Amino acid sequence: MPGFGEAGYYSYIGIFILFGLLMGFGAYITSWILRPKPTQSDLKLEPYECGEQTQGPTWIQFNARYYVWALIFVIFDVETLFVLPWALVYKTFPDIGLAFTEMAIFLLILVVGLLYAWKKDVLKWT
Amino acid sequence: MIVPLAHFLILSLIIFCIGLYGALTRRNAVGILMSVELMLNAANINLVAFSRFVSPQSGTGQIFAVFVMALAAASVAVGLAIVICIYRNHRTIAADKIDLMKW
Amino acid sequence: MLNYTNLIPLIPLIPLASFVILILFGSRMKEKAAYVSIGAALAAFALSVPGIMMTLKHQSVHMEWIWLYLGDRPIKMGFMIDSLTAMMLFVVTFIGSLIHIYSVGYMHGDKRFSRYFAYLSLFFFSMLLIVLGDNLIMVFIGWEMVGLCSYLLISFWFERMSAARAGMKAFLANRVGDVGFLLAILSFFWMFGTVNFEQMAEKIHQYQGTMLVIPAVLLFCGAVGKSAQFPLHVWLPDAMEGPTPVSALIHAATMVAAGVYMVARSFFVFHGNIEAMQVVSYIGCFTAFMAATIALTQTDIKKVLAYSTLSQLGYMVMALGVGGYIAGPFHLMTHAFFKALLFLGAGSVIHGTGTQDIRQMGGLMKKMPITAWTFLAAFVAIAGLPPFAGFWSKDEILLSTFNSPVPGHLFLFAVGLFTEALTAFYMARVFFLTFLGDARDKEIHAHESPLVMTVPLAILAFFALFIGLPGSPMAGHWFQHWLQQSFPYMHAHEIHLNFGVMGASIFLALSGIGLAYLMYIKGTISPDKVAQSIRPLYIYSLNKWYWDEIYGMFLIKPFLWSTNALYAFDVWIVDGVVNGAAMVARGLGFLQFIFDKYIVDGIVNLFGWVTQKSSRIVRLVQTGIIQNYILLLVVGLALIVWFKILENMHAVL
Amino acid sequence: MSLLELTDKLIQWVSEMARTQGYSPEWAGFFTAIAIMLAVGGFVLGFISVVAMLLIWMERKVSGHMQSRIGPNRVGPFGLFQSIADAVKLLLKEDIAPKMVDKPVWWLAPIIIVVPAVLSFLCFPFHKGWIPLDLNLGLLFIMAIGSVSVIAIFMAGYGSNNKYSLIGGMRTVAQIISYEVPAILAIVPVVMLAGSLSFGQIIEAQSFRWNLFSLWGIVSFIIYVISGTAEINRTPFDIPEAESELVAGYHTEYSGMKFALFFVAEYTNMVIVSMIASAVFLGGYYLPFGLGASPVWMLLKVFAMIFLLMWFRWTFPRLRVDQMMIFGWKVLLPISFANIAWVGIWMALKL
Amino acid sequence: MTELFNTALTPWEWTQLISFYGIAALMIVAALMVVTLRNIFHSALGLAAVALGAAAIYLMLDAEFLAFVQILVYVGAVVTLIAFMVMLTQRASHGKLVRQSNDQKTISFIVVLSLFALLIWKIPTTVWNTTVSTGNLADAKTLGTAFLKEYIMPFEVISIVLLVALIGAIVLARREPK
């Protein structure tokens, strides 16, 4: 990056983060200045549950299947971490057969995991 | 890079120690796992910093960091699954209530 | 580079892949699962054929790779095919493939059909690991895994209590032997710095003499466990609870022979090691004799075959013990064929009649002709009638016993001869009772087994009859010369025919068969009367020499007693001593009161107090809470880091 | 002249000027660079606001026409100022924080969802050389930044302390993570062929032949568009905010400007998905077969993609949750694996 | 340390320094949040913040690939997983009266502090054999090539590790059909 120098390259990201924050906080501040601020009544501050009183604690317990999905996702996300550098050099790597075989084995092993999950029916909703 | 290597190491040391303290004292099992993740992150910072300062071209430290990340993800997945299991059977995730290893 | 050497790892890996596939997807495949397993077995067989061919041309194949570095010393793993391996490969893959095919018919309709084949594949993999491994570690890994498979397959029908127990018994008995094996490996590694067979054989001359006795005996312990030799033989008869093809494959033809194979493979340890050889030969001889006597009176067809297996294994071990390093493996091979055939035939009979009791059978020759004829082939082979397989190998064993350097070899020879007669007798008894005469139980409607079972029987029958011929004088002892390749450290010696031994062996075999004929066909001699006349011996044999009871009495009961005894010791002796001491002290009077109070009590209390406190402290360590453990770990780590850094500072200063 | 060269020249010129005036040239260059960055950032911010408002209007118009209505038509010509009116309304709305909310989390969530949306425009390829920051790993950067919004959604769902919000949030996250893997894997063949993850180079590789013009390209494109639709929770994948079941999903409890931020983020994400699809598969600012390049094509393609997404929304019925999950894991993922394998073999044979 | 400020710094170097210490401070605060906060969901957010900070540090260290992957894996996946877990075990971790730390607090603190003191004393005084970067720095392509050359075995092994983790976790977490 000729004009920016080494550090300037990533400063761009920092500046954009600042802009994002600016957008959020700016919106908050403007609306805080502009909006009416009537006194709040207790009823208005009830959580939105179709007008009924909340039953039981809100932070209810969820089914483990959400967890299992997230789990499969984590594994496959990590897999992309290895696939991307491979994909970057695939075209230029001298021994393309080796590159292909390596990734084929890698993916096949993970596909076994996917099939296992499939077979155990954890990919289903019910 | 103008910031000296030692400062990166010290940052990583601080985070590692915080994580270690958390892993030793948190009662919530999920909290313990998070502290372990802190420690792994600290280790990764160390690896990348050494990679940048000692062998910037080979990137060995970065490769190790990639493997550490993969292992950390795998370990947290299994660790949390174990916590779920314990939670199901004992209705608690307080680490000092779980003394199954005693028997 | 499609070099054959690089293909060797595929031989065990294909069955492993089959296992993985079947364990994951087997339940979906239903009965098609068998094809995967059979395909893997046949592929392993096909892949091993070139290797066997190469050994026929007096070449051996060896591949190795570096497994890991211990310090900077590379630990190598490798696969090796020489003539001994080739023989085993042939036996394992060929008989194994046939038994796979046979199992399709036998296990048809079983609810864990695919699981069965998965286990078979796993067994195949582990057995091939033993056979192909060029070092003790790999053999040991395979060894443990065949043990596992054996356990899984014995208790395959685990709903039956007896099957589950039998599996457990096999597992435990094998563990006892394996401890010895492991110790032997450790001591070899310590002595030679390697566990590779070839390298060990090269270095063995450095340790000639008594130094080798203990490792050799320990190594033999492993074989005792796996090949079910005398003190650990109790598991094999119970192992018949498994499916019959399993009994044929694992508990007759291959796995139990692994012990014999392993001793033959490491024969350089035993060679010239007279004490160890004595142990081996006597244990083998005793097992052979004992099992043969038990087999005489059993009525369960599989039990008879099981004891027969024990007896034949004893024979092989004895052969190795007396220095017949070729005779033992030779008999291993012939035995694998005819015993597999016997078991499969028995399986076919059981399949057809639904019973295992030979007293209920009879006259099956007409109803199951193929089974009967193939069984007959196996019978003549095992009984040692010339020119069939068993005759040549047994003759070889007897000959090497006769010419052995081991002290007392003539006694062993005599027992061996007698055992041969017993073998011929009980096998004839089984054959006559099962297939000849009239059907004794009219309730049983036998039928011939399906083709998928009888074809393997026929193929095996052919081999059972003629596999001995390459080792016969007619073939110029070709087999012996071929096998000699695997024992480069032994001087090949000329084989002299000894017609006396041969004649005695034929005579005894014929007389055994003749006696059985008189008793069970002609009825000239009533078996019941004979049993009456030697009733104590009969009962003794019928109850299998009471080995299970003896073990129960001397191992299991004492263990339970000892706990009671310790309790009693605590209550009566310890307390008694304390009480007695107190009374004596009281009797000693006031002068000694001070002494008593401050010294004696002091010491007693001190001990008690120390024990109590220290145990309380020790107990604190085990809280079961992970974080306490981590804390201890971190404390240790911190100490080490502190110590190391301070030490370095000191060095710098 | 590209943006970079322009920047370079400007900085050099200012540095020279500063040197002649006796000021530190380094600091002068630094401030110039920062000023340029701020200018680009300001432009992008304006771009986002305008595009978001335009899209809101467009969505209403498109939906209207698809349902044989006219849509907004009162405020300004063709109702063009409807979005501005909406913005003013939201700005003036009373801010209600329900009493059980987890204050800091609830309060921060809208901001955190906006930041990645803005950040993604860092790699927006307007024209050749006119990319604010053409990172070497631009695609990966956008994917990574996008996953931060998952946390924001979690925060919104958890912070609201409302069962609808929480269930909506959990469902959203479950859906996003189910489709993130196919989305990344759909791009992998492109990366393999271009040998790069930067937008500039990926688009340059398509200067003659778009990636779409091949079997694998079509498959990848379809997978990516489906996954992208799912990741931004648009119909037919709008289970997380299914009005008939969950009121409004994770932003049930939000009102006023906070709600507006979620809204803007949603439409911005739509732009980003369209942008990636056009840059990666449709040749970015290039016309096919070397017919020319212009920022207009890029913007046109983006809007065409957005129109496609809107079309989906008003055409397809909502999927059931189980269908949604099965489709992601059991259909898209295997297909994308097969696609990668196919491209790999093809390249191996060709090279 | 002192020579750092003896030389005149360029503006970009000032930016680097300031952003490094700023990020470091944020990370430390976030890490303390992870360890001390009562609400476990807030701790998870702290972890996400630490991960983002670490990504920024990687960017400063020119490990671009690692930085983005860090966000993708940690923030996008691991923290999500933890957040799901928090939702799942809400009932056990909620309630204001639940103690947050166990009874080995003091001794842990002392031990950790001793380790910390030792290293904070040793790190600045050790001479690290750093090299000046010349030529191309390691980037994502370097990693890709390394995966295909020296690290081909770990690369394949990690897939098995992932497979085992997947299967193990599914077995543990799945509710057995009754």
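Please read all numbers here as calculations on a predicted model, not as lab measurements. Every chain is numbered from 1 and lettered A, B, ... according to where its sequence line falls, protein lines coming before strand lines.
When heavy atoms are compared at a cutoff of 4.5 Å, D/Leu261 approaches chain A solely by way of its side chain, counted from C-beta outward. If you measure heavy-atom distances from D/Leu197 to chain A, the contacts under 4.5 Å come from both the backbone and the side chain. D/Leu92 touches chain A through backbone and side chain together, each having a heavy atom under 4.5 Å away. If you measure heavy-atom distances from D/Val44 to chain A, the contacts under 4.5 Å come from the side chain alone. In this structure, chain D has a heavy atom under 4.5 Å from the side chain of A/Ile15, while its backbone stays farther away. No part of D/Ala260 comes within reach of chain A, as not one of its non-hydrogen atoms sits under 4.5 angstrom from that chain.
Of the listed residues A/Ile72, A/Leu88, A/Leu34, the one with more heavy-atom pairs under 4.5 angstrom with chain D than any other is A/Leu88. The greatest number of non-hydrogen atom pairs below 4.5 Å with chain A, out of D/Met192, D/Glu180, D/Gln12, is found for D/Met192. Chain A forms more heavy-atom pairs under 4.5 Å with one residue of D/Val40, D/Leu140, D/Leu139, D/Leu90 than with any other, namely D/Val40. For the set D/Val181, D/Leu137, D/Ile187, the count of heavy-atom pairs under 4.5 angstrom toward chain A peaks at D/Val181. Ranked by heavy-atom pairs under 4.5 Å with chain A, the first of D/Val264, D/Ile345, D/Leu185 is D/Ile345.
In this structure, D/Ser198 contributes its side chain and D/Gln201 its backbone to a donor-acceptor pair below 3.5 Å. Between the side chain of D/Tyr179 and the backbone N or O of D/Trp329, no donor-acceptor pair lies under 3.5 Å. Side-chain N or O atoms of D/Ser165 include none that pairs as donor or acceptor with a backbone N or O of D/Ser160 at under 3.5 Å.
Between D/Phe121 and D/Phe47, the ring-plane angle classifies as perpendicular under the 30° and 60° cut-offs.
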TODO: Could you walk me through whether A/Asp77 and D/Ile184 pass side chain to side chain contact (heavy atoms under 4.5 Å, CB included), step by step?
DONE: CA-CA 9 Å; A/Asp77 212 29; D/Ile184 297 178; 4.2 Å; yes

- [ ] Could you go through the ring pair (Phe, Tyr, Trp, His ring centres under 6.0 Å) check for A/Trp69 and A/Phe73 one step at a time?
- [x] CA-CA 6 Å; A/Trp69 285 332; A/Phe73 166 66; over 10 Å; no

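Put simply, the side chain of D/Phe141 reaches to within 4.5 Å of the side chain of D/Leu122, judged on heavy atoms. Side-chain contact between A/Phe76 and A/Leu114 is present, with heavy atoms from C-beta onward closer than 4.5 Å. Inter-residue side-chain proximity for A/Ser11 and D/Met37 is flagged as met; some heavy-atom pair is nearer than 4.5 Å. Here the side chains of D/Cys123 and D/Leu135 are in contact, with some heavy-atom distance below 4.5 Å.
The distance from the CD1 atom of A/Ile17 to the CD1 atom of A/Ile13 is 7.0 Å, given to the nearest 0.5 Å.
In D/Lys93, the NZ atom is not crowded: 12 or fewer heavy atoms of neighbouring residues, nucleotides or ligands sit closer than 6.0 Å.
Inspection of non-hydrogen atoms places A/Phe100, A/Leu107, A/Val111 of residues 97-111 of chain A under 4.5 Å from chain D. Of all residues in residues 105-115 of chain D, those placing a non-hydrogen atom less than 4.5 angstrom from a non-hydrogen atom of chain A are D/Trp107, D/Pro110, D/Ile111, D/Val114, D/Val115.
A distance of 6.0 Å or more separates the ring centres of A/Trp32 and A/Tyr28.
Scanning all heavy atoms of the two residues, the minimum distance from D/Ser120 to D/Ile142 falls at O-CD1, 3.7 Å. The heavy-atom pair separating D/Ser336 from D/Pro182 by the smallest distance is OG-CA, 4.3 Å.
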